[in-house]
Amino acid sequence: MSALGLALLMAVQSPDTATYANLETLELLQIARERHRAQDTLVHDYQAVVTTRMEVRAGRSLFARLRPLWVHETRARVAWHAPNDMNLHIESMRGQSAFGDVEGTVRFGRPWFVPRALGDSIRLLSIPSTAALHPLAADAEDSYRFVIVDSATISTPGHAVRAIAVQVTPKHVGASLVAGTMWIDRAGGDVVRLSVTFLGEYVWDTPEGETPEDSASARRSTRTAQRFVSVHADLEYLLVDNAHWMPWRQLLSVNMSVNFILSAAMPARVLTTFRDTRVNTGVPVLFTLEPDSGRNRRTRVHYPEGERVAVRDPHDRYGYTVTGRTAAMRWETTMPPRDSARAFVWDTPLDADITPIDRDRIERFIADMERLGENLPGEWMARRVLQVAWMDPSDILRFNRVQGTSIGAGVTVNPGLSFTTLHAGARFGFSDTRFTGSLTLTRDAPAGRLEVRAYRDLAEAEPWSRGQSTGNSVNAQFTGHDDADYYLQSGSAAQFEFYRGGLADWTLGASVARHRSVITEASAGIAGLYGSSTLAPNPAVADGDWLGGHLSRRLGGPLRGSLGADGLLGESGQGARAWLDLGVPFLVFRRSGQLSVKAGTTVGDPLPQLAFRLGGPYTVRGYGYGEAIVPDLWAAQLDVALRPHWVLSPVIFADVGDSDFSGQPLVGVGGGFSFLGGWLRLNVAKGLNPDRRVRFDLLFGAPR
């Protein structure tokens, strides 16, 4: 056997593209490939309970804390019989949304998971568009390299399995391939876990015809998608009855990341778990419909190539049945009536977030796959070396009382280092005729985000103001309210945001910069059409050269906001401050709302750039921003949505705040309309103590 293996190894190897790292790898893959061809003929049928959790999350980075936007769970009973017949009975569905929905449904048809071992291709939920070549397929040696990288012992009751980790990487870019790790049972050759990321020329699109133009179009579509989207799959198997490797956990993660006009990530994940698996029960799989029969005229039925489908009773009120057949599988899915699905009693309550153990396991898997993708050739993953880019939408066009209307441009360079980009940006203000700009090196990796900057730019005095945002630009132009105080700073800074470990969500930074006061140079042109266009004077700061430090923490879970501290040290003095910015959403009598609390205090010399501003949209609405500049501050804002709908909802609010507890706080009340869960707010507010005129504001990203 060894001589034959050595001969085979010498036959397949070449100096630059060896298929197997060594003889041990070749022998293991021979066993695994033979097992893959034979599959498991000892499993005639099985039954199991299948729970699927689908979720969409969002955040600044794929590796940072991600906020749940939508979650949906499905529980079903599956009955499978050889060769590949399957009956799915959905018992219940439940879901919730960050926008206020408490119930959601997803209509399932064909199976959304892999019911047994994979064939010669890999595909889940029709992803990728072109099924990827399995590393154990008959012709996979032409496309993949294999190397043993690890081993582990898996303990089960009465049995111990030695699993060998084999790293799989493509030799070249093909139509649809994978890169990742296979864990193989050393004795039997079964694949007990397969963790892969997808790549190739037709991952996201397939040629519609056979012409070169069709192929080129599909490749362009895939390259465009690959710049923003990565797809990973993790299939795990469990040893049942110490004899059969059966499906256990299956994860499909579609990760969208944007770093062009904004920095954001939005992964969509489908996690399916199998439990209570019973093998070889002897119970046959029965079908109630035949493909192409019983179709409802009001139901759209899509026929993928090689598949025939039938639908009966396609209404939630009565339930429905869907059946279909392909060359490789026959299946039937049954959904009970809506009332029956609602009456089902789940084992656990629906949580917007998964358990810490599951979250850590998924985060580690995503990090491993993204790290693997970063180490693959850039042309395979469609990474651009140079592109025009902005760090934020407001970098394109901005308005404030110091620069007036300003325009900006930037470029991003990929220097060839993992997770690292270099961004150069420049901006020109038409009112102050001042050029500003920055050069930023960013490494956004699984452990955390490192930013090193050299800059000459406007800075804001408060930690929670948003003067540089698009929302403030619009509000300043239309209402004449610029809700931030500014100063010019020139220097360098570095900061690191921790993503994992005990310091997760903390940011630590330091800077060396020169601060200079700037004055109001602009007027609000649009606001002048129906009122005053005069913008309030921008206050001065303590000019000088400063050594600064910064420490803050993002609040996650049910709370929103941040807490932190920063300070300045220079020849003109020294000072520091600490603050808390806290938002607590709530639901009372089916009315959603939020209680926002802000507090801050300063020590040391009275430096204006460290002081707090009382009044305005962040503290007490109904008053102008910076009604008073104070060393200490507390404020509370209560918002209640009168109509529980995230698209459009009337909102009422009441605010109170002061610099101490003297009994004479600012008090403001008002109301307005919230659009898209608070993405846009139209507010009318009035200050009561002391009395002020009614104030109108356009706010973005405010509490609903």
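Note that these values count all heavy atoms, side chains included, but never hydrogens, waters or copies made by symmetry.
- R449 is linked by a salt bridge (Lys or Arg N to Asp or Glu O under 4.0 Å) to D444, E451, counting only residues two or more places apart in sequence or in another chain.
- A heavy-atom distance below 4.5 Å is not found between the side chains of R53 and R269.
- With respect to D234 and R249, no salt bridge is recorded, no charged nitrogen being found less than 4.0 Å from a carboxylate O.
- In this pair, H72 and W70 present their aromatic rings parallel. The plane angle is below 30°, not in the 30 to 60° band.
- Annotation: side chain of I366 is in contact with side chain of H232 (closest heavy-atom distance under 4.5 Å).
- A side-chain donor from one of S195 and R193 sits under 3.5 Å from a side-chain acceptor of the other.
- With values rounded to the nearest 0.5 angstrom, M182 atom CE is found 12.0 Å from I164 atom CD1.
- Donor-acceptor pairing under 3.5 Å is recorded for the side chains of S230 and E370.
- Each of W248, F113, W245, Y237 was checked for a ring-ring contact (aromatic ring centres under 6.0 Å, His included) with F274, and the lone residue meeting it is F113.
- D347 and R275 are joined by a salt bridge, as a carboxylate oxygen and a charged side-chain nitrogen come within less than 4.0 angstrom of each other.
- A pairwise comparison of heavy atoms in L194 and V191 identifies CB-CG1, 4.2 Å as the closest pair.
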Candidate pair D40 and H244, rule side chain to side chain contact (heavy atoms under 4.5 Å, CB included), full reasoning: CA-CA 8 Å; D40 189 357; H244 312 293; 3.6 Å; yes
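- Residues N375 and S418 form a side-chain contact, since some pair of their non-hydrogen atoms from C-beta on lies under 4.5 Å apart.
- A salt bridge links D360 with R500: the closest approach of a Lys/Arg side-chain nitrogen to an acidic carboxylate oxygen falls below 4.0 angstrom.
- Put simply, the side chain of P115 reaches to within 4.5 Å of the side chain of N84, judged on heavy atoms.
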With a 3.5 Å cut-off and sequence neighbours excluded, list the donor-acceptor pairs that the side chains of residues 118-138 form with protein atoms.
{"from": "D120", "atom 1": "OD1", "to": "H36", "atom 2": "NE2", "distance (Å)": "2.9"}
{"from": "R123", "atom 1": "NE", "to": "P128", "atom 2": "O", "distance (Å)": "2.9"}
{"from": "R123", "atom 1": "NH2", "to": "S129", "atom 2": "O", "distance (Å)": "3.0"}
{"from": "T130", "atom 1": "OG1", "to": "Y202", "atom 2": "O", "distance (Å)": "3.0"}
{"from": "H134", "atom 1": "ND1", "to": "L136", "atom 2": "N", "distance (Å)": "2.9"}

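- Screening W183, Y144, F146 against V166 for a side-chain contact (heavy atoms from CB on, under 4.5 Å) leaves a single residue, F146.
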Criterion side chain to side chain contact (heavy atoms under 4.5 Å, CB included) on L251 and I362, from CA distance to verdict: CA-CA 9 Å; L251 172 66; I362 292 176; 4.1 Å; yes
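- The existence of a salt bridge linking E374 and R371 is excluded, since no basic side-chain nitrogen approaches an acidic carboxylate oxygen closer than 4.0 Å.
- Taken from CG in N259 to CG in L62, the straight-line distance is 12.5 Å, to the nearest 0.5 Å.
- A 4.5 Å side-chain heavy-atom check between L88 and W112 finds at least one atom pair inside the cut-off.
- Smallest separation of non-hydrogen atoms from A367 and F63: CA-CE2, 4.2 Å.
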Ignoring hydrogens and angles, write down the donor-acceptor pairs under 3.5 Å from the side chains of residues 207-214, residues two or more places apart or on other chains.
{"from": "T211", "atom 1": "OG1", "to": "D214", "atom 2": "N", "distance (Å)": "3.2"}
{"from": "T211", "atom 1": "OG1", "to": "D214", "atom 2": "OD2", "distance (Å)": "2.8"}
{"from": "D214", "atom 1": "OD2", "to": "G209", "atom 2": "N", "distance (Å)": "3.2"}
{"from": "D214", "atom 1": "OD2", "to": "T211", "atom 2": "N", "distance (Å)": "3.4"}

Residues R186, V161; criterion side chain to side chain contact (heavy atoms under 4.5 Å, CB included); working and verdict: CA-CA 8 Å; R186 183 66 180 89; V161 176; over 6 Å; no
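- A cation-pi contact, defined as under 6.0 Å to the ring centre and within 45° of the axis, is absent between R325 and W331.
- Taking 4.0 Å as the cut-off between side-chain N and carboxylate O, R364 and D368 do not count as a salt-bridged pair.
- When all heavy atoms of L69 and A58 are compared, the pair lying nearest together is CD1-CB, 3.6 Å.
- The minimum heavy-atom distance between G373 and M381, with the atom names listed, is O-CG, 3.6 Å.
- For D142 and K171, the salt-bridge test fails: no basic side-chain N is under 4.0 Å from an acidic carboxylate O.
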Residue pair H89, T334: steps toward the side chain to side chain donor-acceptor pair (under 3.5 Å) verdict: CA-CA 5 Å; H89 176 71; T334 303; 5.0 Å; no
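- Although no hydrogens or angles enter the test, the distance criterion places a donor-acceptor pair under 3.5 Å between the side chain of D45 and the main chain of T281.
- Here the straight-line distance linking atom CG of N280 with atom NE2 of H81 works out to 8.5 Å at 0.5 Å rounding.
- The structure places CD1 of I354 at 7.0 Å from CG of L271, a figure rounded to the nearest 0.5 Å.
- Nearest approach of I31 to G189, heavy atoms of both residues: CG2-CA, 3.8 Å.
- Electrostatic pairing of E73 and R75 does not count as a salt bridge here, judged by no charged N lying under 4.0 Å from a carboxylate O.
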Test salt bridge (charged side-chain N to carboxylate O under 4.0 Å, His left out) applied to R361 and E363, step by step: CA-CA 6 Å; R361 181 178 58 83; E363 288 177 352; over 6 Å; no
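- Of the possible donor and acceptor atoms, none in the side chain of D205 sits under 3.5 Å from a partner among the backbone N and O of T222.
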T272 and T52: CA distance, side-chain angles, deciding distance, side chain to side chain donor-acceptor pair (under 3.5 Å) verdict: CA-CA 4 Å; T272 301; T52 298; 3.1 Å; yes
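- For an aromatic pair to be called close, the ring centres must be under 6.0 Å apart, and W80 with Y46 satisfies this.
- Atom OG of S257 is separated from atom CZ of R60 by 13.0 Å, given to the nearest 0.5 angstrom.
- Inter-residue side-chain proximity for Y20 and E141 is flagged as met; some heavy-atom pair is nearer than 4.5 Å.
- Taking 4.0 Å as the cut-off between side-chain N and carboxylate O, R65 and D505 count as a salt-bridged pair.
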Stepwise side chain to side chain contact (heavy atoms under 4.5 Å, CB included) check, L386 with N414: CA-CA 6 Å; L386 176 69; N414 185 341; over 6 Å; no
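- Using a 4.5 Å cut-off on side-chain heavy atoms (C-beta onward), W204 and V231 make contact.
- A salt bridge between D190 and R35 is present, with a side-chain N of the basic residue lying under 4.0 Å from a carboxylate O of the acidic one.
- The two atoms that bring I90 and T333 nearest to each other are CD1-CG2, 3.8 Å, heavy atoms only.
- For the atom pair E332 CD and R330 CZ, the distance stands at 7.5 Å (nearest 0.5 Å).
- With respect to the salt-bridge test (charged N to carboxylate O, under 4.0 angstrom), the residues E201 and R223 do not qualify.
- For the pair E24/I148, a side-chain contact is recorded, criterion being any heavy-atom separation below 4.5 Å from C-beta on.
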